[in-house]
Amino acid sequence: MAKFKILIVFTFIMLASIYSNAIPAFSRKYKTSCVTCHTIYPQLNSFGEAFRINGYQFPNDDEENTKEETVPMGAEAYKRVWPKAVWPNFMPGSAPFALRGRTGFQITTVDSSMTSEFGRPAIQLLGAGTVGKDISLFVGAHLFENGATGSVDRLYVKFDNLLTKFLPEKFLYLQIGQFIPELVPFATNHRGLTESAYAFNTYDPSMGSSFVAGHEHSAGGGHGSGPFGLEQFQLGVEASGVVHKRLRYVLGVVNGSSTNEDVNSDRDFYGRLAYKIGGIAYDGSFKDSIKNGMESSFALGVFGYKGIGTDTSEMNFNFYRIGGDLNFNFRKLNLVGGYIMGESFNDMNEKYNLFFGEINYSFYPWIMAVLRYEQANPGMSKTARQVVPHLSMLIVPNVKFKIETRLNPDKLGFENLFLGFDFAF
């Protein structure tokens, strides 16, 4: 009977998705399909990653590839009389916004008792693009999620290709505002496929043997409502750039105040280095043969974060996170992994290490399977482990169905199943 119920829900979601159609903001600007930059959205392919790094511009010949009419703000002649005139610019001909909606159905088993429920829908407003050459904007707001409204997660301006008279092109970008610090290349539902957040980004030693803050986006564990996590929204400044096409750096200074434990006036600092071999380079160039967005490549990154937190007795303490990650692509196969260790120098002197490995395999351009194993070793607490199988299927380029479960290797048996669909237009 339970299997029959699951089949009915699966069929209902599939039929509801088939009649949806959508066109994201960048597709409208460049008159191209979502799969130009994505495998299955929101996961980026290598070209999409270069596009994002370059301030939401084509890495080469952006003006030639832009199909949308722009609105000039001032005559070109103003450049000759500057500073006696405002430097001219242009803006998009239409509002560069898109909507993303998500909903689903969850089945949970607790002590042999099965419950099921439809989840509350989430609606997200996304706006991104350029206002003139080399000035990029991004805004992301959750209009409705888990019953709450009015949450702004990301809002920043990015100045691209700075000081090119003195520095190579793509060497310096400067991002100012509220954003997710770019410490790792995977970022939950912003650029990842699974409903379950990466524990790598959300786990803190204070959680002990529980992954609960990393289980669901709606729980907010990765977005600032719980213990410190790499993926929390931060207010600050981030500099980044590409050196010799394949080496990329990131340096940032942030408030560190988006978490419960860190509510002081001290700044947090972080940095990242990554190098990529093969495939499309970080600057968008490539030598290899790229077919249907697939490539053979290997990327290795290292990162560190140093912050000052505040405990419940309002005493400050230092904490740090250091780690590394890898990303291997071979045509339809993608392997991702990472290791992180950290310590909080508070009364509990909490420390931990965590590693994960993930396999992504594209059966067809519209079907992607994911299998992830995560393990946290939180000092004196019991080791926490989980396995996350996931399947994403595009109905059309911007509407998808997904099915996922979370398994505890220490407990045999079915505990949960998530069915959902996701659309963007």
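Just so it is clear, the model here is predicted, and its values are computed rather than measured. We use all heavy atoms of the structure for the numbers below, so side chains are in, but hydrogens, waters and symmetry mates are not.
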Checklist line | Side-chain donor-acceptor pair present, N327, N334, cut-off under 3.5 Å | finding: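 Yes, because at least one side-chain N or O of N327 sits under 3.5 Å from a partner of the opposite role on N334.
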
Item checked: E374 versus Q386, side-chain donor and acceptor atoms under 3.5 Å -> yes

Is the closest side-chain heavy-atom distance between [X] and [Y] below 4.5 Å?
X	Y	result
D268	V253	no
L251	F269	no
L155	F138	no
I277	Y275	yes
L417	Q106	no
E169	F171	no
S136	V157	no
D422	V399	no

Shortest non-hydrogen contact from [X] toward [Y]:
X	Y	result
F418	T103	CZ-O, 4.3 Å
E295	I280	OE1-N, 2.8 Å
L273	Y249	CD2-CB, 3.7 Å
E182	V250	O-CG1, 3.8 Å
Y352	P378	CB-CA, 3.8 Å
A369	F363	CB-CE1, 3.5 Å

Next item on the list: Please check if the distance between the ring centroids of F421 and F401 is under 6.0 Å.
Entry: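 Between F421 and F401, the centre distance exceeds or equals 6.0 Å.
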
Could you tell me whether [X] and [Y] make a salt bridge, using a distance below 4.0 angstrom between a side-chain N and a carboxylate O?
X	Y	value
E238	R272	no
E404	R372	no
K170	D134	no
D410	R385	yes

Distance (rounded to the nearest 0.5 Å) between [X] [atom1] and [Y] [atom2]:
X	Y	atom1	atom2	result
I340	Y203	CD1	OH	11.5 Å
L354	N201	CG	CG	9.5 Å
I180	E231	CD1	CD	5.0 Å
S344	Y320	OG	OH	9.5 Å
L391	M368	CG	CE	10.5 Å
F298	L335	CZ	CG	10.0 Å

Notebook entry, point to check: What do you reckon, is OH of Y361 surrounded by more than 12 foreign heavy atoms closer than 6.0 Å?
Noted result: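 Yes, OH of Y361 has more than 12 neighbouring heavy atoms, counting only those of other groups under 6.0 Å.
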
[X] vs [Y] aromatic rings, parallel, tilted or perpendicular, using cut-offs 30° and 60°?
X	Y	answer
Y373	F355	tilted
F319	F317	tilted
Y156	F179	perpendicular

Next item on the list: Walk me through it: do N161 and N54 pass the test side chain to side chain contact (heavy atoms under 4.5 Å, CB included)?
Entry: CA-CA 8 Å; N161 298 303; N54 197 47; 3.9 Å; yes

Note to self: Would K402 and H390 count as a side chain to side chain contact (heavy atoms under 4.5 Å, CB included) here? Give the steps.
What the structure shows: CA-CA 7 Å; K402 52 190 176 182; H390 172 96; 3.7 Å; yes

Next item on the list: Given side chain to side chain donor-acceptor pair (under 3.5 Å), test T383 with N377 step by step and report yes or no.
Entry: CA-CA 5 Å; T383 295; N377 305 298; 3.2 Å; yes

Whether the side chain of [X] engages the backbone of [Y] through a donor-acceptor N/O pair (distance < 3.5 Å, no angle test) should be reported.
X	Y	value
N353	Y339	no
R246	G278	yes
D160	Y173	no
N318	F345	no

Note to self: Before you tell me yes or no, could you show the steps for I359 and L333 under side chain to side chain contact (heavy atoms under 4.5 Å, CB included), namely the whole-Å CA-CA distance, both residues' side-chain angles and the distance that decides it to 0.1 Å?
What the structure shows: CA-CA 7 Å; I359 301 173; L333 178 68; 3.7 Å; yes

Notebook entry, point to check: Given the rule in the side chain to side chain contact (heavy atoms under 4.5 Å, CB included) test, do L137 and V139 qualify, once you have shown the distances and angles that lead to the verdict?
Noted result: CA-CA 7 Å; L137 298 175; V139 57; over 6 Å; no

